[in-house]
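Just so we're on the same page: letters track the sequence lines, and every chain starts at 1.
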Protein chains: 2
Amino acid sequence: MDTTQLLKGVLDVAVLAVLDERDSYGYEVVRRLREAGLEDVGDASVYGTLRRLFKAGALTSYVVPSEEGPHRKYYGLNATGRTTLDGSRATWRRFARTMDGLLDHTEKR
Amino acid sequence: MDTTQLLKGVLDVAVLAVLDERDSYGYEVVRRLREAGLEDVGDASVYGTLRRLFKAGALTSYVVPSEEGPHRKYYGLNATGRTTLDGSRATWRRFARTMDGLLDHTEKR
DNA sequence: GCGCGGTACTTCGCAATGCGCAATAGTGTG
DNA sequence: CACACTATTGCGCATTGCGAAGTACCGCGC
């Protein structure tokens with residue numbers, strides 16, 4: 001089953017959530033999301049989302065040269081990002097409950 | 001808060017769910033979805049979704065001339081539609097629980 | 001009869017966003 | 001050296017929800 005369309009609009013919150021736990025860089029965010037259960041998430045989507053959120057002013061960014069490989073571009077939440085996260089989390093919960101209600105209500109007995 | 005992106009990929013299931021309860025036509029589907037809590041759903045989206053689902057072979061369709069207004073194009077689930085609904089419902093639940101887990105896990109204390 | 005509001009559907013084109021793919025580049029392993 | 005893994009960027013595509021406009025049919029009040 002394809003979850004691509006379900007991810008729309010949710011990837012933002014998901015990325016903000018893992019960054020709220022601790023600063024991270026693209027490649028690692030992908031791994032953490034997949035470990036959390038979002039196994040089908042594409043790497044290009046995450047990188048794109050990070051850039052978008054940064055451009056929207058929700059994230060800070062700093063490059064950390066690594067001696068174990070290529071450099072890493074770390075991202076972290078700023079005040080705006082935390083506010084966005086709180087709002088999006090609430091929106092998600094309202095929405096998810098609405099959908100649950102709709103699907104439960106009509107489910108065959 | 002904008003739920004447009006959240007609707008992506010979910011409108012299908014929502015429409016299938018209300019049609020599973022009983023046959024309906026576009027205009028009424030919109031009303032029923034809004035009453036169920038999806039208040040921001042656009043009418044063009046629903047009409048589009050109905051056409052898409054019909055084209056995909058999940059729906060039956062029959063026109064009922066109405067003496068109380070314009071004709072109504074009724075849609076109903078066929079076997080394929082019910083199978084699709086069952087699958088999508090399960091997919092939604094798995095996905096929603098994954099997201100809930102991710103958001104709970106990282107929520108501020 | 002005429003305008004108005006509500007019902008009901010279609011078509012058009014746009015905007016947002018997730019993704020595949022290719023390119024670049026550094027590191028360590030066989 | 002070829003290869004795999006890490007790490008990022010850019011390009012272009014597909015999907016899909018939506019706004020706007022147009023068509024059309026109905027009953028109601030004036």
Side-chain angles (χ1 to χ4, degrees), chain A residues 1-16 23-34 38-56 58-59 61-75 84 88 91-92 95 99, chain B residues 1-16 23-34 38-56 58-59 61-75 84 88 91-92 95 99:
Chain A
M1 202 87 344
D2 187 27
T3 57
T4 292
Q5 295 304 318
L6 288 178
L7 264 184
K8 299 249 175 188
V10 171
L11 189 53
D12 276 37
V13 208
V15 167
L16 287 171
D23 285 11
S24 197
Y25 54 97
Y27 204 78
E28 193 188 43
V29 172
V30 174
R31 273 202 307 266
R32 289 170 68 191
L33 288 177
R34 289 187 178 151
L38 300 177
E39 294 169 24
D40 295 338
V41 69
D43 55 319
S45 310
V46 173
Y47 284 115
T49 300
L50 287 169
R51 278 195 293 267
R52 191 150 30 81
L53 289 172
F54 178 72
K55 202 175 161 193
L59 302 181
S61 173
Y62 50 100
V63 172
V64 176
S66 166
E67 288 162 14
E68 311 288 318
H71 71 282
R72 297 165 172 171
K73 193 182 282 186
Y74 274 79
Y75 291 96
T84 303
S88 300
T91 300
W92 160 257
F95 183 80
M99 282 303 299
Chain B
M1 202 88 342
D2 186 27
T3 56
T4 293
Q5 295 305 318
L6 287 178
L7 265 184
K8 300 248 174 188
V10 171
L11 189 53
D12 276 36
V13 207
V15 168
L16 288 172
D23 284 11
S24 198
Y25 54 97
Y27 203 78
E28 193 188 45
V29 172
V30 173
R31 274 203 307 267
R32 290 169 67 191
L33 289 176
R34 289 189 177 148
L38 299 177
E39 295 168 22
D40 295 339
V41 69
D43 55 322
S45 309
V46 173
Y47 284 116
T49 300
L50 286 169
R51 275 195 297 268
R52 191 150 30 80
L53 288 172
F54 177 72
K55 203 175 160 191
L59 302 181
S61 174
Y62 50 101
V63 172
V64 176
S66 165
E67 286 161 18
E68 312 288 319
H71 71 280
R72 297 166 172 171
K73 194 181 281 184
Y74 275 80
Y75 292 95
T84 303
S88 301
T91 299
W92 161 258
F95 182 79
M99 282 303 299

> Do the side chains of A:Val10 and B:Phe95 get nearer than 4.5 Å, heavy atoms only?
Replying inline: yes
> Parallel under 30°, tilted from 30 to 60°, perpendicular over 60°: which one fits the rings of B:Tyr74 and B:Tyr62?
Replying inline: parallel
> Looking across every strand, which nucleic acid part, if any, lies under 4.0 Å from A:Gly9 by heavy atom: base, sugar-phosphate, or nothing?
Replying inline: sugar-phosphate
> From the list D:dT6, C:dC9, C:dT10, which nucleotide is the closest neighbour of the side chain of A:Tyr27?
Replying inline: D:dT6
> Would you say a side-chain N or O of B:Tyr47 is under 4.0 Å from OP1 or OP2 of C:dT10?
Replying inline: no
>> I need the A:Arg51 CZ to A:Tyr75 OH distance, nearest 0.5 Å.
In response: 7.0 Å
Compile the donor-acceptor pairs under 3.5 Å between side chains in residues 41-50 of chain A and protein atoms, sequence neighbours left out, one pair per line.
| from | atom 1 | to | atom 2 | distance (Å) |
| --- | --- | --- | --- | --- |
| A:Tyr47 | OH | A:Tyr27 | N | 3.4 |
| A:Thr49 | OG1 | A:Ser45 | O | 2.7 |
| A:Thr49 | OG1 | A:Arg52 | NH2 | 3.4 |

> Heavy-atom distance under 4.5 Å between the side chains of A:Leu33 and A:Val15, does that happen here?
Replying inline: yes
> Where the side chain of B:Arg52 is concerned, which of C:dG18, D:dT9, D:dT16 is the nearest nucleotide?
Replying inline: D:dT16
Sub-3.5 Å pairs of nitrogen or oxygen atoms, protein against nucleotides 18-21 of chain D:
| from | atom 1 | to | atom 2 | distance (Å) |
| --- | --- | --- | --- | --- |
| D:dC18 | OP1 | B:Asp40 | O | 3.4 |
| D:dC18 | OP2 | B:Gly42 | N | 3.1 |
| D:dC18 | OP2 | B:Ser45 | OG | 2.4 |
| D:dC18 | O5' | B:Ser45 | OG | 3.2 |

> A:Gln5 CD to D:dT16 P: how many Å, rounded?
Replying inline: 5 Å
> Within this structure, what is the CZ-to-P distance between B:Phe95 and C:dG18, rounded to whole angstrom?
Replying inline: 10 Å
> For the pair made of NZ in B:Lys73 and C1' in D:dA24, what is the distance, rounded to whole Å?
Replying inline: 14 Å
Report each atom pair, protein N/O against N/O of nucleotides 12-14 of chain D, whose distance is under 3.5 angstrom.
none

> Hey, does the side chain of A:Arg72 come within less than 4.0 Å of D:dT8's phosphate (OP1/OP2), counting only N and O?
Replying inline: no
> CG of A:Leu38 to CG of A:Leu11: how many Å apart, nearest 0.5 Å?
Replying inline: 8.0 Å
>> Run A:Thr91 and B:Thr3 through side chain to side chain contact (heavy atoms under 4.5 Å, CB included) and show every step you take.
In response: CA-CA 8 Å; A:Thr91 300; B:Thr3 56; 4.0 Å; yes
>> Nearest 0.5 Å, please: how far is CH2 in B:Trp92 from CG in B:Asp12?
In response: 13.0 Å
>> Nearest 0.5 angstrom please: B:Ser88 OG to A:Leu6 CG, how far?
In response: 8.5 Å
> Hey, is the side chain of B:Arg31 poking within less than 4.0 Å of OP1 or OP2 on C:dA8, counting only N and O atoms?
Replying inline: yes
> How close or far is atom P of D:dA7 from atom CZ of A:Arg51, stated in whole angstroms?
Replying inline: 17 Å
> Is there side-chain contact between A:Leu16 and A:Leu59, with heavy atoms separated by less than 4.5 Å?
Replying inline: yes
> Which whole-number value in Å describes the distance from A:Tyr62 OH to D:dT8 C1'?
Replying inline: 17 Å
> How long is the line joining CG of A:Leu6 and C1' of C:dT17, in whole Å?
Replying inline: 14 Å
> Reckon A:Tyr25 has a side-chain N or O less than 4.0 Å from the OP1 or OP2 of D:dA7?
Replying inline: yes
> CG of B:Leu50 versus C1' of C:dC9: gap in Å, rounded?
Replying inline: 11 Å
> CZ of B:Arg32 versus C1' of C:dA8: gap in Å, rounded?
Replying inline: 16 Å
